[in-house]
Number of protein chains: 2
Amino acid sequence: MRPTVHDVAEAAGVSLATVDRVLNRRAGVRSTTVAKVEAAISRLGYVRDISAANLAKQRIYRLVFIIPDGSNSFMRRLENELEQVKLRSALNRTDITVLKVPAFDGAALARALESIDSKTISGVAVVATESPMVREALARLHRENVHVVTLVSDAPAFKRGDYVGVNNVAAGRTAATLMGRFVGRRPGKLALVAGSMLVRDHVERRMGFEQVITAEFPNLTCLPVVEGRDDAATAREAVAACLSREPEIVGLYNMGAGNRGLIDALSADRAYAELTVIAHELSDHSRRALRDGLFDAVINQDAGHEVRSAVRILQARIDGTAVIDGQESIRIEIYLRDNLP
Amino acid sequence: MRPTVHDVAEAAGVSLATVDRVLNRRAGVRSTTVAKVEAAISRLGYVRDISAANLAKQRIYRLVFIIPDGSNSFMRRLENELEQVKLRSALNRTDITVLKVPAFDGAALARALESIDSKTISGVAVVATESPMVREALARLHRENVHVVTLVSDAPAFKRGDYVGVNNVAAGRTAATLMGRFVGRRPGKLALVAGSMLVRDHVERRMGFEQVITAEFPNLTCLPVVEGRDDAATAREAVAACLSREPEIVGLYNMGAGNRGLIDALSADRAYAELTVIAHELSDHSRRALRDGLFDAVINQDAGHEVRSAVRILQARIDGTAVIDGQESIRIEIYLRDNLP
DNA sequence: TAAATTCTGAGGTACGTAAATCGAAAATTG
DNA sequence: CAATTTTCGATTTACGTACCTCAGAATTTA
């Protein structure tokens, strides 16, 4: 049977109240007495029963998720997964509020962060944009003991919280290796498609991609990035124009959203079936494209995993328990038509 | 605020004891009264507070994991992950017992299953071998309300539990697509290495692999399987012999354990660096081989994820709560040197 | 209608912890 | 040494649920 506070009190030769004061770091206990209690705790191997504690405490994990508004499909997937988690959140004494802020707007993000009341909120997960105001707002939260995880886009200047997401440079490198290996030795050009080069993710993916292509596949050259602006029609036009302009293209890397437009453009001409196409984000569209042979590989990060990880990490930080690294590390997933989940 | 049993009792116009009887399916409640209570429950959206219930119930999730003994490295990884989970299991009121049984021994497995006391054990996770005795033992557990998940190797005849693991045919197909695409159009032979063809996983992976190679890469032919017997020295000898015997080999697929021997054999001759090598299981050895360019890709299933999933699923079945499919589905992971976690 | 049986209510204790009060004891200060 | 402050003990209530008892009400059976 697990030892309880009563056992600890008895073993330490103090009263239950004192054990409680030590456990909850309340004042009014001599340091020698603290030591006695802690000795008893470790001697007995006492661990606090968190569910009982939370029951007594009437604890509710009040978390806030801040994600960008707009049409970015990954953000919409995150939002959708958050809804799923919210449906089950009552079971875990967890209350999640989702705040949507305009994308690429540091000031708006900072305002959202400033609006968080550290009296009632104990954890924040945020898709961070870099800016001094944001940094200061995050620092304020940290000072006021609100735990923070940065989601998807790491804010490198803020090192006091956890990061949930992938390394996008590595994701770009992964795409490049697949591209280079799939294309083979023949020379040719590669078309790069991005939603917008304002998105940090896309910048990083491109960097990783070009690094590897340049260093390891000298037969291939990257064309300037085509911007699809997160819109199917625009993406379709842009890709179609690029493909007809450049007959030597052997491969295409879509580093962001806009798979639908890309698929439309590729479906237009049967000759394009020869192209090696690598895209990001597993969705209904990209799954079908994989099955149909239009896409050769899809790089993905699991939005559901990210949301659940963020919640688990925040809960662990609030409870003061350990996080399981293996469980919370987000993978750069590679999908071919054969290993679709 | 969440509604409690008190609220339900009041709303239904009955006493707390009656609500309790309905909730816990105790006898002695008229069906009309049951209906009244259930109406109130759904009207208020009452959900039982599981941690409070478990506290009151003094519930401990007593789980048994049965895994094969022997040198299979994936099983040893499972065992290791189980140890990690056990370290944290007190926090979750979970008590895990690990039983090791001889590999490939249906009778021994059946005996282990029969030894499980359904009075004290509420969930079993088992790496199942197919056999009538095993099937009967699993059916007994099901009859006695012990929840079962089959781990890694699905026992197809037993459909009353959950499955945690990957589709190994699909894993083999994935390896084949990578192989075919990486090798390119040049003709050649492929060496296949297995631990032992007694292992169901390896049989399935081979089937998937050969399916895809035959159907889609006519330039490639698969050589007969080389058996490494899960032993580094044996594997090294067998692979080296095969490689020197067949000069036309362009690729090598190791569908099971024995990466260490394989790496040794490949390191012996610099000419082998040209080979496309795809292996299973991400370990220190295979990571290094990936980094060094000796391996081109590694297919992996996350042992930690599988163990944690099995535990979560069993807990959910015991509590009668829902399982989150996206969280519990095990992925066929592809690792290149660029996306190593 | 009486007797037997089935339902239901009221109330209690328990699980392990949190948090509070209040008085007593101990330590520190002047 | 007295006055003050700090430390500690004993006890209580509460969280939401489980499970028990016992008496009384409602229903069914004889």
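Residue numbering restarts at 1 for every chain, and letters A, B, ... go by the order of the sequence lines.
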5'-most contact on DNA chain C (nearest-nucleotide basis), B/S31 vs B/R93, goes to B/S31
Here the distance between atom P of D/dG16 and atom CD1 of A/I50, to the nearest Å, is 19 Å
**Request:** Give a yes/no on whether any side-chain N or O of A/R48 is located under 4.0 angstrom from OP1 or OP2 of C/dG16.
**Result:** no
- Item | Side-chain N or O of B/R26 closer than 4.0 Å to phosphate OP1/OP2 of D/dC19 | yes
Here the distance between atom C1' of C/dA19 and atom CZ of A/R21, to the nearest Å, is 11 Å
By nearest-heavy-atom nucleotide on DNA chain D, the more 5' of A/S15 and B/V5 is A/S15
### Query
OP1 or OP2 of D/dA26 sitting under 4.0 Å from any side-chain N/O of B/R30?
no
Nearest heavy-atom approach of A/S51 to B/S51 is CB-CB, 3.3 Å
Next item on the list: Check whether the side chains of B/Q327 and B/S309 place a donor and an acceptor atom closer than 3.5 Å, and report yes or no.
Entry: no
Between NE2 of A/H6 and P of D/dT11 the distance, given in whole Å, is 12 Å
Whole-Å distance, B/D49 CG to C/dT17 P, equals 16 Å
Atom CG of B/L55 and atom C1' of C/dA18 are separated, to the nearest Å, by 13 Å
Requested in this report: Answer yes or no: is there an ion pair linking B/R331 with B/D302, defined by an N-O contact shorter than 4.0 Å?
Outcome: no
Separation of C/dA18 atom P from A/L16 atom CG, nearest Å, is 10 Å
Between B/Q58 and C/dG16, is there a side-chain N or O to OP1/OP2 distance below 4.0 Å?
yes
In whole angstroms, the gap separating C1' of D/dG16 from CZ of A/R59 amounts to 17 Å
Looking only at D/dC19, C/dG16, D/dT17, the nucleotide nearest the B/K57 side chain is D/dC19
* Give a yes/no on whether any side-chain N or O of A/T18 is located under 4.0 angstrom from OP1 or OP2 of D/dG9. => yes
Problem set entry | No-hydrogen, no-angle side-chain donor-acceptor test under 3.5 Å, B/N92 and B/R312 | no
Looking only at heavy atoms, the pair that brings B/A322 and B/A316 closest together is O-CB, 4.0 Å
Regarding B/A17, tell me which of base, sugar-phosphate or nothing describes its non-hydrogen contacts under 4.0 Å with the strands shown. base
(request) May I ask you to say what B/D20 touches in the nucleic acid, namely base, sugar-phosphate or nothing, with a heavy-atom cut-off under 4.0 Å? (result) base
Walking DNA chain C from its 5' end, the first of B/A56 and B/G13 to be reached, judged by nearest nucleotide, is B/G13
note: B/L91, atom CG; C/dT17, atom C1'; distance rounded to Å ~ 15 Å
Assign B/N24 to base, sugar-phosphate, or nothing according to its heavy-atom contacts below 4.0 angstrom with the strands shown. sugar-phosphate
